[in-house]
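Whatever order the structure lists them in is the order used to number ligands and atoms, beginning at 1. Index from 1, following the sequence.
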Amino acid sequence: MDMEIAICDGPQQIRLERRPVEALGPADVLVRIAYCGVCPWDVRAYNGLSSSVRYPLQLGHEVAGEVAGLGADVRGCAVGDRVAVDVIRRCGVCRACRRGFENMCAQADSSRGGFAEYIVMPAKNVYRLRDGTKLIEASLAEPLACVVRGQRRVSVATGDTALVMGCGPLGLLHIQALRASGARVIGADLLDRRLEVARHVGADVTVNPDQQNLSQIVAAETDGAGVDVAIVAVSQLEAARQALPQLGGGGRLLLFAGIYPRAELVLDPNLIHYRELLVTGTSDYAPAEFAAALRLIQDGIVQTAPLISQVYPLTEVMQALASVSARKGLKTVVRCSDLEPFEPEVIS
Ligand SMILES: [Zn+2]
Ligand SMILES: [Zn+2]
């Protein structure tokens with residue numbers, strides 16, 4: 001059997017190619033892909049800004065679809081099941097995997113891309129969905145898994161006040177997960193239309209730091225105490241610089257986004273010392289967080305559909321990448337087959 005798959009041959013070069021579907025191993029599942037989300041990382045790799053990638057390259061790692069074939073040893077999964085797919089193969093035996101840091105697996109293999117009609121993955125990477133869950137909503141389990149990991153690392157607690165710097169798709173997922181944990185949320189972004197969506201998905205207060213004084217608003221919202229948690233969900237150094245002094249005593253800073261171009265952040269050690277601040281970061285997710293993210297989506301605790309502003313067919317994958325590159329709208333998703341149609345809802 002053949003399939004269409006997007007291959008990136010070099011910076012700004014992507015094309016569809018027909019190639020045979022990979023042979024199924026005994027523990028593998030063949031998934032017909034319905035949707036694959038476009039991640040900022042895809043755009044960086046496509047634009048040649050990631051030093052770690054080697055071309056030719058398959059892009060796309062936010063995958064949901066339907067089971068189309070099973071290896072001989074697969075149990076608990078049937079042809080026709082609707083599924084979300086974790087596309088990173090981890091070894092399970094390296095030091096990182098054995099310590100619960102599967103996101104840092106030394107043998108991680110993410111070579112198979114989701115901008116394709118089919119993908120073959122081990123059954124343990126394939127998660128069955130409930131009947132009512134829409135495939136396009138489940139395709140956002142991967143970014144939400146990253147969000148879950150980040151929030152676990154900064155121990156979000158009921159009654160906390162949290163500041164989210166950046167209200168793009170990831171910031172909007174952070175806002176919803178924070179609310180679900182019982183935190184009050186201040187969302188900050190330089191684009192007013194993103195702040196509007198932030199309020200729509202649950203931000204209690206929003207700030208445009210270009211037009212308003214962030215420190216004054218944080219002080220007013222926290223009786224002068226500062227926030228308990230600050231999450232930098234935008235790849236700009238300035239956001240990290242602005243976030244740190246907003247933390248009150250015992251505050252935790254999460255550097256959630258990679259900062260490009262590379263830069264250095266100057267920290268005031270006395271601020272960290274006297275306020276007992278924690279500064280940390282997270283990257284990617286472990287399988288436990290992928291499962292937690294799917295529960296949040298399927299229980300309706302986190303809504304992913306309102307974040308999706310553009311859907312492109314697989315034949316227009318280049319336009320999909322360009323739209324994210326231009327920061328057009330919010331979340332862009334590629335429709336890889338016609339399994340389940342979806343019309344973006346426009347928030348106003
Ligand atoms: Zn991603
Ligand atoms: Zn490993």
Where the Zn ion (ligand 2) is the vertex, angle from Cys105 SG to Cys91 SG to 10°: 110°
Please report the shortest heavy-atom distance between Ser325 and Asn47, naming the atom on each side. OG-ND2, 3.2 Å
Can you check the angle at the Zn ion (ligand 2) formed by SG of Cys94 and SG of Cys97? Round it to the nearest 10°. 100°
Between Lys124 and Asp86, does any NZ, NE, NH1 or NH2 come within less than 4.0 Å of an OD or OE carboxylate oxygen? no
Does CZ belonging to Arg95 count more than 12 external heavy atoms closer than 6.0 Å? no
Listing by chain and number, what protein N/O/S atoms are under 2.8 Å from the Zn ion (ligand 1)? Cys39 SG, His61 NE2, Glu62 OE2, Glu142 OE1
I'd like to know if Asp284 and Arg90 make a salt bridge, using a cut-off of under 4.0 Å between side-chain N and carboxylate O. no
Grab the two heavy atoms, one from Gln298 and one from Arg130, that are nearest each other, plus how far apart they are. OE1-N, 2.8 Å
Can a salt bridge be assigned to the pair Arg184 and Asp228 using a cut-off of 4.0 Å between side-chain N and carboxylate O? no
Do the charged groups of Arg193 and Glu196 touch, with an N to O distance under 4.0 Å? no
